[in-house]
Amino acid sequence: CRTNRPHAALRLLNNMPSQGCEFNAVAYCTVISGFYEQDYRAEAYELFVNMLSQGFCPNITTFNKLIHTLAKKGDVRESEKLFNKVYKRGVSPNLFTFNIFIQGLCKKGLLSEAVRLLDGVKREGLTPDVVTYNTLICGLCKKSEVDKAECYLHTMVNDGLEPDGFTYNTIIDGYCKQGKIQNADNLLKDATYKGFVPDEFTYCSLINGLWQEGDIDRAMDVFAEALGKGLKPS
RNA sequence: GCGACUUUAGCCA
């Protein structure tokens, strides 16, 4: 599958029993992911159904890997279809599962659904963590909803979570891409005050943002500042 | 018993 040849992988999979190897859900899901990755959606789905009918059901970790492949492609609807099937067989979602779904929904532009899923996490008796919020914040930023994203920064703090570098860098980048360098700067000041140390992600976003705005002088200043902190250009 | 699975910039393939 890693070399983009899912059909070859499938032949191997089918040969496993004759080689005396254990034929299991992990192997199945690996091949299924490969098919989805190459957009053989029908084959992938058929193989999934096949796996279940043979009595192999992935555990949640194995399942998460599979839907992560789909989330990256923005195919949440397919993930839901698969999820409903394993859910019926007693597989319960964990926080990773929700985080992956939130990512998939955002990628597809289904932002309000992603926000609603945050409540879904709580309904399932789970507690959203920093990654949950970061995922949502990132999704909002990518769809230019940076102000909303910053609202969730406050929400997470109210929930007793501490924003990390992912959180700050994501929102700073969101503002930079919108040309709202002032907002990015304000947030950076605030974050620095709270102990955040800007890294290469932060500087890269700022420099790109300033450059896009035609503010070459400040871009150079920020670049010099990054060098001064021992960060290496790449 | 322990582990597996989720989130941020740009560049390149």
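In what follows, chains are A, B, ... by sequence order, proteins preceding strands, each numbered from 1. Bear in mind the structure is a predicted one, so any value in this text is a computation, not a measurement.
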Subject >> Sub-4.0 Å heavy-atom contacts from residues 211-227 of chain A onto RNA chain B, ordered by number >> reply: none
**OP:** For the residue pair A:I67 and A:T97, establish whether any side-chain heavy-atom pair is separated by less than 4.5 Å.
**Re:** yes
Original post:
Do the non-hydrogen side-chain atoms of A:I60 and A:S92 ever get within less than 4.5 Å of each other?
Top reply: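 Side chain of A:I60 against side chain of A:S92, heavy atoms only: no contact under 4.5 Å found.
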Are [X] and [Y] within salt-bridge range, i.e. N to O under 4.0 Å?
X	Y	answer
A:K180	A:D185	no
A:R77	A:E113	yes
A:R41	A:D75	yes

**OP:** Just say parallel, tilted or perpendicular for the rings of A:F56 and A:Y28, cut-offs at 30° and 60°.
**Re:** tilted
Subject >> Those residues that, when tested against A:Y45, pass side chain to side chain contact (heavy atoms under 4.5 Å, CB included) (two or more places apart) >> reply: A:Y36, A:V49, A:E78, A:K81, A:L82, A:K85
Subject >> Protein proximity profile, nucleotides 5-13 of chain B - base contact B, sugar-phosphate-only contact S, no contact -, cut-off 4.0 Å on heavy atoms >> reply: BBBBBB---
